[in-house]
Amino acid sequence: QKEVEQDPGPLSVPEGAIVSLNCTYSNSAFQYFMWYRQYSRKGPELLMYTYSSGNKEDGRFTAQVDKSSKYISLFIRDSQPSDSATYLCAARGGRAAGNKLTFGGGTRVLVKP
Amino acid sequence: DAMVIQNPRYQVTQFGKPVTLSCSQTLNHNVMYWYQQKSSQAPKLLFHYYDKDFNNEADTPDNFQSRRPNTSFCFLDIRSPGLGDAAMYLCATSRDWGLAGAGVAKNIQYFGAGTRLSVL
């Protein structure tokens with residue numbers, strides 16, 4: 001079992017719809033959770049960063065972490081064609097865990113005009 | 001803008017011909033990472049430098065080496081590329097926990113645009 005699981009998609013939505021992305025993880029030591037966006041043939045770009053459980057909002061993006069169920073989510077409101085990309089969730093432990101980031105496999109999202 | 005810069009963006013090499021990929025950063029981060037990412041897969045960590053200390057992942061083949069001559073630069077050397085080494089290679093940097101400062105998100109990794117390696 002991978003430490004971070006993510007549905008590969010593709011997830012196709014019409015422009016303006018809400019995009020809902022999810023990851024599950026198995027390592028209870030994970031404390032920090034990130035979402036990266038990766039356009040085709042480009043490097044990952046950090047979108048959201050959260051610590052422990054809770055919600056975080058930034059513009060059209062909302063990240064949620066539920067540590068009790070080991071479930072992390074990203075919601076994109078009012079989706080735009082420019083949101084079409086692969087979204088990678090990632091998790092890491094605290095300071096004692098070192099520097100390693102564990103990624104999910106990514107979900108490909110297509111927002112159709 | 002401060003950033004992570006990878007060169008070249010595209011690299012074509014021949015089977016068995018050594019190749020070097022470069023990464024530079026203006027973020028003054030003390031940790032630098034190299035990842036391999038194959039199509040539709042998650043980035044796979046090869047190794048990272050914590051300051052000058054090299055940390056190899058257990059499953060990274062000996063064919064992959066790295067050098068970090070100073071804080072700003074890091075190189076990935078592939079001694080004898082095989083067809084299976086064709087991939088996107090990503091460099092990332094982060095600032096160590098203790099250096100991030102109060103109120104600053106801890107140890108976030110920032111990525112370069114990647115180098116796409118083709119092996120003929």
Side-chain angles (χ1 to χ4, degrees), chain A residues 1-11 21 23-25 29-52 54 56 58 63 65 85-110, chain B residues 3-6 9-10 23 25 27 29-51 53-60 87-100 103-118:
Chain A
Q1 181 189 9
K2 295 180 181 178
E3 283 192 289
V4 179
E5 298 272 6
Q6 190 174 3
D7 189 324
L11 178 62
L21 302 167
C23 287
T24 58
Y25 65 94
F30 287 153
Q31 297 181 24
Y32 297 86
F33 305 90
M34 283 136 276
W35 284 95
Y36 285 85
R37 176 176 62 196
Q38 187 173 25
Y39 290 114
S40 180
R41 300 180 181 272
K42 297 287 180 64
E45 169 195 9
L46 181 69
L47 275 181
M48 299 289 283
Y49 170 93
T50 53
Y51 169 68
S52 195
K56 185 174 184 179
D58 184 1
V65 176
T86 295
Y87 291 80
L88 297 158
C89 61
R92 62 171 303 132
R95 186 170 186 171
N99 299 293
K100 189 169 182 176
L101 198 60
T102 301
F103 284 92
T107 299
R108 193 160 66 92
V109 172
L110 178 62
Chain B
M3 55 177 55
V4 181
I5 302 167
Q6 291 188 244
R9 290 295 316 281
Y10 300 93
C23 177
Q25 54 123 345
L27 296 163
H29 285 171
N30 64 318
V31 190
M32 294 187 76
Y33 310 78
W34 279 104
Y35 289 85
Q36 179 192 66
Q37 186 180 28
K38 296 189 175 180
S39 182
S40 302
Q41 295 184 21
K44 178 181 181 298
L45 182 64
L46 295 173
F47 25 60
H48 74 278
Y49 273 95
Y50 185 103
D51 293 325
D53 294 332
F54 178 70
N55 297 273
N56 200 26
E57 292 299 299
D59 57 353
T60 298
M88 173 79 91
Y89 289 89
L90 297 165
C91 174
T93 73
S94 69
R95 181 175 288 272
D96 178 46
W97 301 89
L99 300 175
V104 177
K106 306 299 185 188
N107 208 275
I108 291 179
Q109 293 187 23
Y110 294 91
F111 285 82
T115 295
R116 181 164 293 278
L117 177 69
S118 298

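Quick note on labels: first sequence line is chain A, next is B, and so on, each numbered from 1. FYI, side chains are in, hydrogens and waters are out, and symmetry mates aren't considered; it's all heavy atoms of this structure. Since this is a predicted model, take the numbers as computed values, not measurements.
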More than 12 heavy atoms of other residues, nucleotides or ligands under 6.0 Å from NZ of Lys42(A): is that the case? no
Q) Does any non-hydrogen side-chain atom of Leu88(A) lie less than 4.5 Å from one of Pro43(B)? A) yes
Honestly, the part of Ser39(B) sitting under 4.5 Å from a heavy atom of chain A is neither
Heavy atoms of Ala42(B) and Gly104(A) approach each other most closely as CB-O, 3.1 Å
What do you reckon, is CZ of Arg116(B) surrounded by more than 12 foreign heavy atoms closer than 6.0 Å? yes
d(Arg41(A) CZ, Arg9(B) CZ) to nearest 0.5 Å is 10.0 Å
Under 4.5 Å to a heavy atom of chain B? For Pro8(A) that would be neither
Turns out that what part of Gln6(B) lies under 4.5 Å from chain A's heavy atoms comes down to neither
When the 4.5 angstrom heavy-atom criterion is applied to Glu45(A) and chain B, the contacting part is neither
Side-chain contact test, heavy atoms from C-beta onward, threshold under 4.5 Å: evaluate it for Met34(A) versus Gln109(B) and give yes or no.
-> no
Under 4.5 Å to a heavy atom of chain B? For Tyr36(A) that would be side chain
